[in-house]
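Everything below concerns the one structure shown next.
Along the sequence shown, residues carry numbers from 1. Both ligands and their constituent atoms are indexed starting at 1 by order of listing.
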Amino acid sequence: MNIILLGPPGAGKGTQAKRLEANRGMKQISTGDMLRAEVKAETPIGREVKELMAKGHFVPDPIIVQMIENRIAQPDCGEGVILDGFPRTESQAEVLDSMLKEQGLKIDAVILLDVDEEALVKRLSERQHEDGSRRADDHPEVIHARLEVYRKQTAPILPYYEQNGRLKRIDGMQDVEAVGKAIDAFLDQIAS
Ligand code: AMP
């Protein structure tokens, strides 16, 4: 089963994707994590995207699309994927559909984690890694820029998925376990 997790930054997509990966054998594909790894390793792509990411701006489509295409084709994605952070624009959503079609695959479900924006700003400002470090883009001004980009560019893709009945809204303000259970119940329902 291939699914997309949608929702603004801080909605809990990464947490839920990791939970699904552990419980259902699907692979999490997080474009943000992949890009951060490139930045950390100081690869040519990493050098190109570092500044854009630090400001909360989008990375150019060709880089993202190539990354996704390569990753989906790997054998460990055979049981399905959880897309986390992609697609983020209408054009990425269209590219994804045609890319999957070429490979005889499709998106089975699109889950939107619905959250309150004020709570998100608080959550993101408090988000820290276990070692106490913080993401370069989890600072107040950048958080607001990322939410703005979400509202302007990503929220408009919701009707694209709503149109063909693929979108499921889940209350992302519940605790992690409750959100996970709601996602599981929905996936069980569409699998049966
Ligand atoms: P995330 O970890 O998903 O919040 O992504 C962190 C940052 O990576 C974003 O603010 C963008 O700069 C970049 N990024 C991740 N996914 C995409 C995407 N699908 N399209 C463009 N930029 C992306």
Side-chain angles (χ1 to χ4, degrees), residues 2-21 26-73 77 81-100 107 110-115 117 119-130 133-158 160-161 172 176 179:
N2 299 306
I3 67 168
I4 299 173
L5 283 182
L6 282 178
K13 300 186 296 293
T15 304
Q16 294 301 333
K18 287 196 172 65
R19 195 177 172 280
L20 286 168
E21 188 173 64
M26 298 143 85
K27 275 283 157 195
Q28 174 190 15
I29 301 187
S30 158
T31 43
D33 284 353
M34 291 162 88
L35 291 165
R36 279 184 288 277
E38 300 276 350
V39 171
K40 196 167 175 209
E42 298 183 359
T43 63
I45 288 181
R47 281 194 286 274
E48 190 177 338
V49 303
K50 186 175 178 179
E51 277 299 299
L52 291 170
M53 289 179 74
K55 289 183 184 151
H57 296 174
F58 279 167
V59 164
D61 273 3
I63 293 180
I64 300 285
V65 170
Q66 190 64 60
M67 265 184 5
I68 291 279
E69 207 162 16
N70 293 344
R71 188 66 190 91
I72 284 183
C77 293
V81 296
I82 308 148
L83 294 174
D84 158 16
F86 176 89
R88 255 178 159 98
T89 61
E90 230 169 324
S91 72
Q92 288 183 3
E94 284 163 7
V95 169
L96 174 66
D97 273 347
S98 58
M99 184 196 299
L100 291 177
I107 294 295
V110 183
I111 295 171
L112 170 68
L113 298 180
D114 243 341
V115 280
E117 241 187 58
L120 283 184
V121 175
K122 189 164 178 286
R123 237 192 234 181
L124 286 168
S125 324
E126 290 170 358
R127 177 159 75 177
Q128 271 191 5
H129 297 297
E130 277 165 11
S133 66
R134 190 181 287 278
R135 264 173 59 163
D137 55 358
D138 277 347
H139 291 280
E141 331 74 76
V142 184
I143 290 171
H144 286 288
R146 287 161 61 208
L147 285 170
E148 179 78 5
V149 173
Y150 175 80
R151 272 194 300 270
K152 287 211 172 116
Q153 306 211 49
T154 306
I157 71 176
L158 299 180
Y160 178 82
Y161 291 118
V176 171
V179 174

Atom 23 (C) of ligand 1 has as its nearest protein heavy atom I64 CD1, 3.8 Å
Would you say the side-chain atoms of R71 pair up with the backbone N or O of I68, donor to acceptor, closer than 3.5 Å?
-> no
Do D33 and ligand 1 have an N or O pair less than 3.5 Å apart?
-> no
Quick one: does E38's side chain get under 4.5 Å of I63's, heavy atoms only?
-> no
Quick one: does D84 get an N or O within less than 3.5 Å of an N or O on ligand 1?
-> no
D33 and K40: CA distance, side-chain angles, deciding distance, salt bridge (charged side-chain N to carboxylate O under 4.0 Å, His left out) verdict | CA-CA 10 Å; D33 284 353; K40 196 167 175 209; over 6 Å; no
Identify which of Q153, R88, Q92 has a heavy atom lying nearest to atom 3 (O) of ligand 1.
-> R88
re atom 12 (O) of ligand 1, the protein heavy-atom contact at minimum distance is H57 O, 2.6 Å
Applying the side chain to side chain donor-acceptor pair (under 3.5 Å) test to D84, which of K13, K18, Q28 qualifies?
-> Q28
Salt bridge or not for E148 and R151, using N-O below 4.0 Å?
-> yes
Note the single closest protein heavy atom to atom 16 (N) of ligand 1, along with its residue, its atom name and the distance in Å.
-> T31 OG1, 2.8 Å
Considering only heavy atoms from C-beta outward, does the side chain of D138 approach that of R146 to under 4.5 Å?
-> yes
Is R36 near ligand 1, meaning one of its heavy atoms is under 4.0 Å from it?
-> yes
In terms of residue, atom name and distance, what is the protein heavy atom nearest to atom 22 (N) of ligand 1?
-> V59 N, 3.1 Å
Hey, are T89 and Q153 close enough side-chain-wise for a donor-acceptor pair under 3.5 Å?
-> no
Taking N or O atoms only and a 3.5 Å limit, does P9 qualify as a polar contact for ligand 1?
-> no
K55: heavy atom below 4.0 Å from ligand 1, yes or no?
-> no
Report the member of M67, M53, K50 with the shortest heavy-atom distance to atom 7 (C) of ligand 1.
-> M53
Check whether any side-chain heavy atom of I29 lies under 4.5 Å from a side-chain heavy atom of F86, and answer yes or no.
-> no
With heavy atoms under 4.0 Å as the rule, classify the contact between R146 and ligand 1 as side chain, backbone, both or neither.
-> side chain
Nearest-contact summary for atom 13 (C) of ligand 1 - protein heavy atom, Å = L35 CD1, 3.6 Å
L120 side, atom CG; E117 side, atom CD - distance, nearest 0.5 Å | 6.5 Å
Counting each atom of ligand 1 from 1 as listed, which ones have a heavy atom of R135 under 4.0 Å away?
-> 1 (P), 2 (O), 4 (O), 6 (C)
